[in-house]
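Since the structure comes first, as C-alpha cells, the remarks are kept for the end.
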Amino acid sequence: MSATLAPRSRFIWSVLIDMELILSLLSSRSPIIDIVFEGNNVLTGAGNFTIRFQGDGKSVTGAAPIIQELCAYFPFLAGKDSKAEKLWISQLESFQTLDFKTLDPVLQRLNTHLILRSFITGHSLSTADITIWGALRGNRVAVAALKKGTLVNLTRWYKFIEELCPWAMLAVESLNATTREKKLAKAKDGANYDIALKVSLEVFCLSDNKQLTRGIIENTENGVVTRFPPEPSGYLHIGHAKAALLEFQDAILEDLALMGIHPDKVSYTSDYFDHLHDYCVRIIQSGNAYADDTDKVTMKDQRWDGLPSQHRDLCPDESLAHFAEMKKGTPEGLRWCIRAKISVDDTNKAMRDPVIYRCNPAHHHRTCDSWVIYPTYDFACPIVDSIEGVTHALRSIEYRDRNPQYQWMLDTLGLRTVQVWDFARMNFIRTLLSKRKLTKLVESGVVWGWDDPRFPTVRGIRRRGMTIPALREFILKQGPSKNVTLFDWALIWATNKKHIDPIASRYTAIETEDCVEATVTGGPVTPYTEKRQKHAKNTALGEKDVAFSSSVILEQVDAQSFQENEEITLMNWGNVIVRKIATNISTGKVTHLELELHLAGDVKKTNKKVTWLSTEGHSLVPIELVDFDYLLKKDSLNKEHVLEEFLNFNTEFRVDALAESSVSNVQVGDIIHFDRKGFYRVDQAPAAGVPGIFFNIPTGKQK
Ligand SMILES: *[C@@H]1O[C@H](CO)[C@@H](O)[C@H](O)[C@H]1NC(C)=O
Ligand SMILES: *[C@@H]1O[C@H](CO)[C@@H](O)[C@H](O)[C@H]1NC(C)=O
Ligand SMILES: *[C@@H]1O[C@H](CO)[C@@H](O)[C@H](O)[C@H]1NC(C)=O
Ligand SMILES: *[C@@H]1O[C@H](CO)[C@@H](O)[C@H](O)[C@H]1NC(C)=O
Ligand SMILES: *[C@@H]1O[C@H](CO)[C@@H](O)[C@H](O)[C@H]1NC(C)=O
C-alpha cells in the first residue's frame with residue numbers, strides 16, 4: 001500500500017500549488033478576501049477559523065461550516081458523493097464534544113456505518129474522512145474511547161486514515177503550533193494573495209485524478225469553473241504564465257507540462273463546431289446577426305467611421321440563405337461572412353458589428369475538410385465557455401474592450417453568464433512578448449526557434465535553466481496585479497538561483513584557448529584519484545573522482561596574474577609556489593609554469609585561488625560553454641519603435657573548455673555549477689567525439 005501513498009500526497013501538493021497559482025491570478029477579484037485562524041486549528045476542530053468574503057461581507061466561522069464552504073467553493077475538493085459528504089461534515093460538531101455520554105452514541109453510529117466500509121462515503125478518501133478523523137484526533141475523549149478497542153470498525157478506519165494520509169498527520173502537527181499565526185504573518189510578506197488558504201487546502205485537497213487547469217473556483221451557489229488557456233496564439237511565454245493560448249495546441253500542453261501543470265480536461269473549439277453552427281443559425285433567425293459581403297477594406301473603414309453595412313437590415317431568411325451558401329463553400333458563399341448586429345457606432349469599436357462566421361476552405365488541423373465555415377474567436381469563446389461550464393474566464397487586461405462584446409453574445413444567445421476576470425500582463429525588460437514579433441524573430445532566423453534560450457517562451461526559459469518552483473515562486477510573489485509591470489529578469493533569475501544552488505553539483509572546467517600547462521614539482525610521482533563530494537553541503541548528490549598529477553592546466557588569465565615566487569592556491573588541492581613563468585615575448589602570453597607544491601601553506605592566506613585540472617590520471621571532457629545576452633538593446637519598445645533598429649545581433653557567446661572526467665556523466669537538463677564560472681544547464685550531453693554544450697544560467701547579478 002505504501003507504494004501508492006506517495007504519489008497521492010505528491011498529487012495533493014501539486015493541486016495545492018496549482019490552486020495557489022490560479023487563486024493568485026484571481027484574487028484581485030476573488031470573493032474570498034481573508035482566511036483567519038484563531039485559536040488552535042481547524043483540522044482538529046479546536047479553535048475557530050474564519051473565512052471572509054468580499055461584497056456581501058459574509059463571514060463564516062467554525063470548522064464544519066468552513067469546510068462546507070470550502071467544499072462548495074472548491075467543488076473538486078469534495079469526493080464523488082458530495083451530498084453524503086456534506087451530511088457527515090454537518091455533524092462534525094457532534095464528534096467534538098468532550099461529554100462522553102453525548103459522544104458515545106455518535107461513535108457507535110459511525111462504527112456501525114463503517115462495518116462494511118473502508119471510507120465514510122464512496123470508495124475513496126474524501127473530505128468527510130479527513131474532517132471527521134481530524135475532529136476525533138483532536139478530541140481526547142474520543143481518542144480514549146478508540147483506545148479501548150471496542151469500536152472495532154471505527155478503530156480500523158481511524159488507523160487506516162492515519163496510514164493513508166501521512167500528510168494529514170503532518171498537517172495536524174504543523175497546524176497545531178502556537179507559532180502558526182506568526183508563520184502566516186511572515187508568509188504574507190510580498191504576496192498579496194492569502195497564504196492562509198494554502199494551509200487549509202493542504203487539509204482539504206482530496207480530489208482524485210483531478211488536476212487543475214480547468215479548475216474550479218466557486219463564488220456563488222452555482223460554482224465556478226475556469227478555463228486555461230484562454231486566448232489562442234503561439235507558444236506560452238513568461239507573460240502568459242498568467243494566461244495561455246490555443247492553436248499551437250500541442251505546444252501549449254507541453255508548455256503547461258513544463259510548468260508542472262496538467263490539464264484535467266482538454267477540449268477544442270472544433271469539438272463544438274456543430275453547436276456553434278446551430279447558434280449562428282439561431283442568432284441570424286432572431287435578427288441579431290446578418291450576412292454581409294462588404295469587402296474587407298471597406299468593412300474596416302466603415303467600422304472605423306461608424307457607418308452601417310448596406311446589408312445590415314437584410315432579413316433573417318436572406319441571411320440564412322447566404323449562410324447556407326457559405327456552408328457549401330461555393331464561390332458565392334466565399335464572398336460572404338456573418339456579422340453580429342450589435343452597434344454601428346459604439347465608442348467601443350469592438351462592439352461595431354464584429355464578424356462571427358467566415359468561410360475558409362483551408363484544411364483545418366482537427367476537423368480536416370468537414371467544415372468550410374469557421375466561427376471567429378469572438379463568437380466561439382462565450383459559447384464554448386458557457387457550454388463547457390466555465391464560469392470564470394481569465395484574460396489579460398488588453399482584452400478588456402472585448403468584454404462587453406463577450407457579454408452581448410451570452411445575453412443575446414440566452415447563455416449562462418460567464419464572468420471575465422482581467423489581470424495585467426507582466427513585461428520584462430529588453431524582452432519581446434508580442435507573438436507577432438517573436439514569430440518574426442523565429443522566421444528570420446535571428447533565434448534558433450521557439451525554444452531558443454534567449455526567448456521568453458516557457459520552453460525558452462526552461463532551456464536556459466529556469467526551474468518550475470522558481471517560476472511559481474516568482475509569479476505567486478508578484479501577485480495578481482492589474483497594473484502592467486515591467487520586471488527586471490534579475491529578479492526571477494535570483495529566485496531561480498536560490499532553488500538551484502543547493503542541488504547543483506560542483507565541477508571544474510578550464511577554457512581551452514591559451515590554457516597554460518604547468519608542472520607541479522614535489523607533486524605526485526604517479527597520477528592518482530581521490531573521491532570528493534559533488535557538493536560540500538549536499539551529500540545526497542554523491543561523490544566524484546578528482547585526478548591529481550604533476551601535470552596540470554590553468555587558465556591563461558590566471559597565469560598572467562602570477563608573480564614569480566608568489567604563493568597561490570590550487571582550489572581543492574592546496575598551495576603551490578610559482579617558481580617559473582615562461583612567457584612568449586611577442587604575444588605576452590604565458591606558455592608554461594613551474595609550480596612547487598606547498599601543502600603546508602595556509603589556503604586562507606593566499607590572494608589567488610585558481611581552478612586547475614590534471615592532464616593525467618583521467619580523460620578531460622571537451623565542452624562548450626555558451627552565454628547569451630538580451631535580444632533587445634532597449635528596456636522596452638513601444639508601437640513606434642522599429643524592431644530591427646533595437647535588435648542586438650551579438651547575443652551568443654561560445655567558449656571551448658575542458659572539464660573534469662566526471663562531467664562525462666551529466667545528462668541533458670541537468671543543472672550544474674562550474675567553479676568560478678557559474679551555473680549551467682546541460683543542453684547537450686558530452687558524447688564520444690561530440691563536445692557537451694552547457695548554457696550559462698543567469699543568477700540575477702549584473703555583469
Ligand atoms: C471561537 O468563537 C467563539 C464564538 O465567537 C468564541 O466564544 C470562542 O472563544 C472562540 N474560540 C477560540 C479558540 O478562539
Ligand atoms: C467490522 O467489525 C466486525 C467485528 O465486529 C468484523 O467482523 C468485520 O469484518 C469488520 N468489518 C470490516 C469491513 O473490517
Ligand atoms: C498539539 O500540541 C500539543 C503540544 O505540543 C500536544 O500536547 C497535543 O497532543 C497536540 N495535539 C494534536 C491533536 O496533535
Ligand atoms: C497601478 O498604477 C496606478 C497608476 O499608474 C498607480 O497609481 C497604482 O498605485 C498602481 N497600483 C499598484 C498596486 O501598483
Ligand atoms: C610566440 O607566439 C608566436 C605567435 O603565436 C609564434 O609564432 C612563436 O613561435 C611563439 N614563440 C615561441 C618561442 O614559442
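Start at 1 and go down the list; that is how both ligands and their atoms are numbered.
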- Cation-aromatic face contact Arg463/Trp448, 6.0 Å, 45 degrees: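 That pair does not qualify as a cation-pi contact.
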
- Task: List for me each residue that meets side-chain contact (heavy atoms from CB on, under 4.5 Å) alongside Asn565, sequence neighbours excluded, and say none if there are none.
- Result: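 Only Arg579 meet the side-chain contact (heavy atoms from CB on, under 4.5 Å) criterion with Asn565.
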
- Task: Might you point out which heavy atoms bring Leu597 and Gly522 nearest each other, and give the distance in Å?
- Result: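 That would be CD2-O, 3.7 Å.
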
- Message: Give the residues near ligand 5 by chain and number, with the criterion being a heavy-atom distance under 4.0 Å.
- Response: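 Those residues closer than 4.0 Å to ligand 5 by some heavy atom are Asn584, Ser586, Thr587.
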
- Message: Closer than 4.0 angstrom, basic N to acidic O: yes or no for Lys604 and Asp602?
- Response: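 Judged by the 4.0 Å cut-off on N to carboxylate O distance, Lys604 and Asp602 do not form a salt bridge.
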
- Message: Between Glu513 and Lys589, does any side-chain N to carboxylate O distance fall below 4.0 Å?
- Response: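 The answer is no: the pair does not qualify as a salt bridge.
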
- Message: Using a 3.5 Å distance criterion without hydrogens, assess whether the side chain of Lys544 forms a donor-acceptor pair with backbone atoms of Glu660.
- Response: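 The answer is no, because no donor-acceptor pair under 3.5 Å joins these two groups.
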
